[in-house]
There are 2 protein chains.
Amino acid sequence: MKATINDVAKLAGVSIKTVSRVINNEPGVRQNTIDKVTAAVTELNYQPNQSARSLAGNKSYVVGFVYDNPNAYYIIDMQHGILDACKKHHFELLIHPVDSKSDNLLNELKDMLRQSRVSGLVLTPPLSEMTEVTDMLTETGVKFVRVISGKNQTLSTPCVFIDDRTAAFNITKHLIEQGHNKIAFFSGEEVHHSTGERLAGYLDALKAHNLDSRDEWIFAGEYSFESGVENGKKLVELTDRPTAVFACNDEIAAGTLFAARLQGLDVPADLAIAGFEDNPFSRQTWPKLTTAAQPTKTIASQAAELLFKHLRLPAKKEQVIENCMFEPELVVRESTKP
Amino acid sequence: MKATINDVAKLAGVSIKTVSRVINNEPGVRQNTIDKVTAAVTELNYQPNQSARSLAGNKSYVVGFVYDNPNAYYIIDMQHGILDACKKHHFELLIHPVDSKSDNLLNELKDMLRQSRVSGLVLTPPLSEMTEVTDMLTETGVKFVRVISGKNQTLSTPCVFIDDRTAAFNITKHLIEQGHNKIAFFSGEEVHHSTGERLAGYLDALKAHNLDSRDEWIFAGEYSFESGVENGKKLVELTDRPTAVFACNDEIAAGTLFAARLQGLDVPADLAIAGFEDNPFSRQTWPKLTTAAQPTKTIASQAAELLFKHLRLPAKKEQVIENCMFEPELVVRESTKP
DNA sequence: AAATAGTTTGACAGCGTTGTCATTTGTTTG
DNA sequence: CAAACAAATGACAACGCTGTCAAACTATTT
């Protein structure tokens with residue numbers, strides 16, 4: 001019924017090993033032979049049996065996406081981006097949500113690696129930024145690519161950098177250009193490097209415009225709607241209240257918006273609010289949110305592509321590690337317009 | 001390094017076949033032997049090699065989740081619910097987003113089935129409700145479970161039913177009880193059975209309360225924010241305008257909310273709005289949305305469990321098909337409170 | 001034309017399981 | 001207590017592919 005490599009070999013008049021060579025793009029096959037084999041493959045609509053392939057070759061043709069992130073939009077975009085790359089390279093994708101705060105995280109990951117025979121992993125924040133995790137993976141010998149917050153730099157593992165700092169600088173600059181000189185910063189969790197990077201960008205911009213930063217305008221928090229609500233409430237209690245808020249992501253911004261309404265503040269007249277990430281719902285709030293857009297799906301494909309390159313490399317100590325960087329782009333909407 | 005079935009057999013003092021029996025819960029092994037083997041398995045931390053298993057047994061230990069749905073929250077919840085069940089049964093999950101409107105849909109699905117050797121599928125609307133798709137799958141012999149909108153009934157394939165009609169009835173009843181007697185209905189896409197079911201429930205409720213339904217109060221649309229905005233704008237142009245809207249899902253409801261603000265209408269004073277699905281953002285709008293909550297993650301686990309049961313069944317023609325049903329639950333929030 | 005080196009191909013043994021069927025062990029019965 | 005049967009276990013050949021290494025070609029040199 002289903003064609004095997006044997007059928008292809010017979011039809012093409014070569015040995016199964018040669019068919020195997022053609023299928024795996026191994027060198028040292030005459031063009032003429034390649035053509036015969038490919039013809040036979042198409043005629044029989046032959047699909048290699050992945051189980052047999054990985055059993056015999058002790059490889060897996062599966063990559064894993066390990067994540068801990070409550071943001072559904074982000075995860076879906078990441079998944080779809082990785083899937084695109086997987087399709088191109090004939091790999092399969094295994095998704096593996098975890099709890100990064102679990103005490104058992106490392107063991108759980110080890111178990112997963114053991115069971116699921118993935119040949120590589122894509123990691124996103126906060127996991128990609130936790131040294132325990134990356135150390136463990138390096139030790140285990142599993143190859144992985146990380147999406148992390150920061151500027152392009154050479155690390156010993158392949159990375160996709162997100163230049164949050166510059167993007168945050170641009171957002172803050174935009175707020176300043178709208179006439180604001182008292183701007184609050186609503187943080188996300190500190191385990192996310194993005195929080196620190198965005199704060200740095202915010203401070204950079206203040207300094208560049210000779211504005212003072214004030215500690216009481218920098219609010220600790222987390223990447224959630226509720227955190228935005230909470231800090232929004234605190235904000236209005238301040239004497240000499242800031243007239244603008246730079247929220248570390250759109251969820252916080254949405255929460256801040258909610259709090260503003262609770263307090264009877266008009267946005268943007270009484271309080272301008274900017275978010276970060278360009279989640280779909282940043283276009284569905286009233287008013288729509290100014291934010292910094294990052295092309296998550298493209299980032300994901302890039303990360304996966306880096307992983308595939310890395311998987312093909314021999315396991316040498318010394319080698320050039322490929323990286324790439326993305327800079328989220330300012331998107332101005334009604335929540336910060338005068 | 002990594003333990004094989006041979007190591008376990010040696011340690012337990014039995015043949016590899018017996019170890020295999022124990023691992024697969026096959027009958028006809030003495031309890032005493034089972035214990036010896038399990039002990040050896042734990043001691044060596046043995047994990048069966050999935051590739052070898054599926055090659056030898058010609059089975060796959062992989063289920064697929066095929067979907068076409070732009071709602072990230074829904075998809076993530078489905079994925080995580082299915083994953084929970086998979087973990088329990090030692091299966092892996094393959095995700096496969098498709099475009100249900102593509103001309104090539106059926107071929108694409110066939111290719112995917114051929115390549116990825118899944119042993120079963122979970123389908124959600126609209127795919128689960130497209131007869132071309134289900135027919136093709138039945139023909140191909142792939143087992144699958146569907147999540148569909150409708151009341152519990154016996155079909156030839158296992159299903160998880162969502163009783164949208166009753167839930168829609170309850171929502172409409174709630175609006176009526178708030179004193180509304182002119183209630184508009186904002187539809188989703190008609191390919192989704194849920195649209196028809198929810199409309200039916202809406203009409204049921206009107207009739208039950210002796211209210212007339214009017215054709216111009218039933219708006220065609222789709223499951224999107226934009227559709228809600230558009231129909232919201234149309235709504236206000238009506239003379240004798242409805243005072244309440246039952247939107248087919250939360251996104252439409254959010255759009256309607258947006259349109260209301262555009263028009264300077266207060267929600268709920270001038271216009272009450274109810275949604276459906278209980279997406280997280282239904283709690284993040286202002287005011288928060290009344291909606292019908294469906295336990296997506298539980299639904300997903302149930303669906304996967306049904307699939308696993310079905311996979312174990314021999315491929316007979318005559319057999320009892322297991323089903324189950326969920327009824328979304330009314331959640332009253334500020335968008336409909338007087 | 002023979003010798004050499006390089007290139008292309010094939011034979012065959014695994015990879016770690018499960019399926020089949022034969023063998024052993026245990027239990028019941030006349 | 002042997003015969004007859006059932007229950008538990010094992011030996012061994014697949015499963016479809018890749019890795020290894022030897023064989024068969026081809027091209028180049030002497």
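Throughout, a chain's letter reflects where its sequence line sits, starting with A, and its residues are numbered from 1. These numbers come from a predicted model, not from an experiment.
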Would you confirm whether [X], through its side chain, and [Y], through its main-chain N or O, come within 3.5 Å as a donor-acceptor pair?
X: E108(A); Y: V98(A); value: no
X: N24(B); Y: R21(B); value: no
X: S128(A); Y: V147(A); value: yes

*Describe the nucleic acid contact of N24(B) in one word from base, sugar-phosphate, nothing, applying a heavy-atom distance below 4.0 Å.*
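Counting heavy atoms under 4.0 Å across all strands, the contact made by N24(B) is with sugar-phosphate only.
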*Geometric class of the H89(A)/F308(A) ring pair [parallel <30°, tilted 30-60°, perpendicular >60°]*: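 Judged by the thresholds at 30° and 60°, the geometry between F308(A) and H89(A) is parallel.
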*Bend across the helix from dA1(C)-dT30(D) to dG30(C)-dC1(D), to 10°, with axes taken over 5 pairs at each end?*
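Nearest ten degrees gives 40° for this helix.
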*For DNA chain C, what residues of residues 49-61 of chain B have any heavy atom nearer than 4.0 Å?*
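The stretch gives N49(B), A52(B), R53(B), A56(B), G57(B), K59(B) as the residues lying under 4.0 Å from the strand, ordered by number.
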_Residues from residues 40-48 of chain A lying under 4.0 Å of DNA chain C - heavy atoms_ =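 Of all residues in residues 40-48 of chain A, none places a heavy atom under 4.0 Å from DNA chain C.
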*asked:* For M325(A) versus G150(A), what's the shortest heavy-atom pair and its separation?
replied: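 That would be SD-O, 4.3 Å.
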*NZ/NE/NH1/NH2 to OD/OE distance under 4.0 Å, R146(A) and E129(A)*: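 Salt bridge flag = no for E129(A) with R146(A).
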*Going by an N to O cut-off under 4.0 Å, is there a salt bridge joining K297(B) and D77(B)?*
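Salt bridge: no.
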_Any N/O donor-acceptor pair, R21(A) side-chain to dG10(C) base, under 3.5 Å_ =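 Side chain to base: pair present.
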For [X] and [N], give me the distance from atom [atom1] to atom [atom2], rounded to whole Å.
X: N32(A); N: dT7(C); atom1: CG; atom2: P; answer: 18 Å
X: I16(B); N: dA8(D); atom1: CD1; atom2: P; answer: 20 Å
X: Q31(A); N: dT8(C); atom1: CD; atom2: C1'; answer: 14 Å
X: K10(B); N: dT17(C); atom1: NZ; atom2: P; answer: 13 Å
X: I23(B); N: dG16(C); atom1: CD1; atom2: P; answer: 14 Å
X: N6(A); N: dA14(D); atom1: CG; atom2: P; answer: 14 Å
X: K17(A); N: dA22(D); atom1: NZ; atom2: P; answer: 15 Å
X: I5(B); N: dC12(D); atom1: CD1; atom2: P; answer: 17 Å

Distance below 4.0 Å between [X] side-chain N/O and [N] OP1 or OP2:
X: T4(B); N: dG16(C); result: no
X: T33(B); N: dT9(D); result: yes
X: S20(B); N: dT18(C); result: yes

*Is there a side-chain contact between V19(A) and V14(A) (heavy atoms, below 4.5 Å)?*
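Yes; the side chains approach each other to less than 4.5 Å.
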*Check: R53(B) and N49(B) side chains under 4.5 Å, non-hydrogen atoms*: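 Not in contact.
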*Determine, stepwise, if the pair Y74(B) / Y67(B) fulfils ring-ring contact (aromatic ring centres under 6.0 Å, His included).*
CA-CA 11 Å; Y74(B) 180 75; Y67(B) 61 87; 9.1 Å; no
*Of the options L127(A), V66(A), L123(A), which is the one that meets F144(A) in a side-chain contact (heavy atoms from CB on, under 4.5 Å)?*
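For F144(A), the side-chain contact (heavy atoms from CB on, under 4.5 Å) test succeeds with only one of L127(A), V66(A), L123(A), which is L123(A).
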_Just by distance, no angles: are the side chains of T18(B) and S15(B) close enough, under 3.5 Å, to form a donor-acceptor pair?_
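Yes.
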*From dA8(D), dA11(C), dT8(C), pick the nucleotide closest to the side chain of R30(A)?*
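Nearest to the side chain of R30(A) among the choices is dT8(C).
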_Minimum-distance nucleotide to V14(B) side chain [options: dC17(D), dT9(C), dG10(D)]_ =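 Among dC17(D), dT9(C), dG10(D), the one nearest the side chain of V14(B) is dG10(D).
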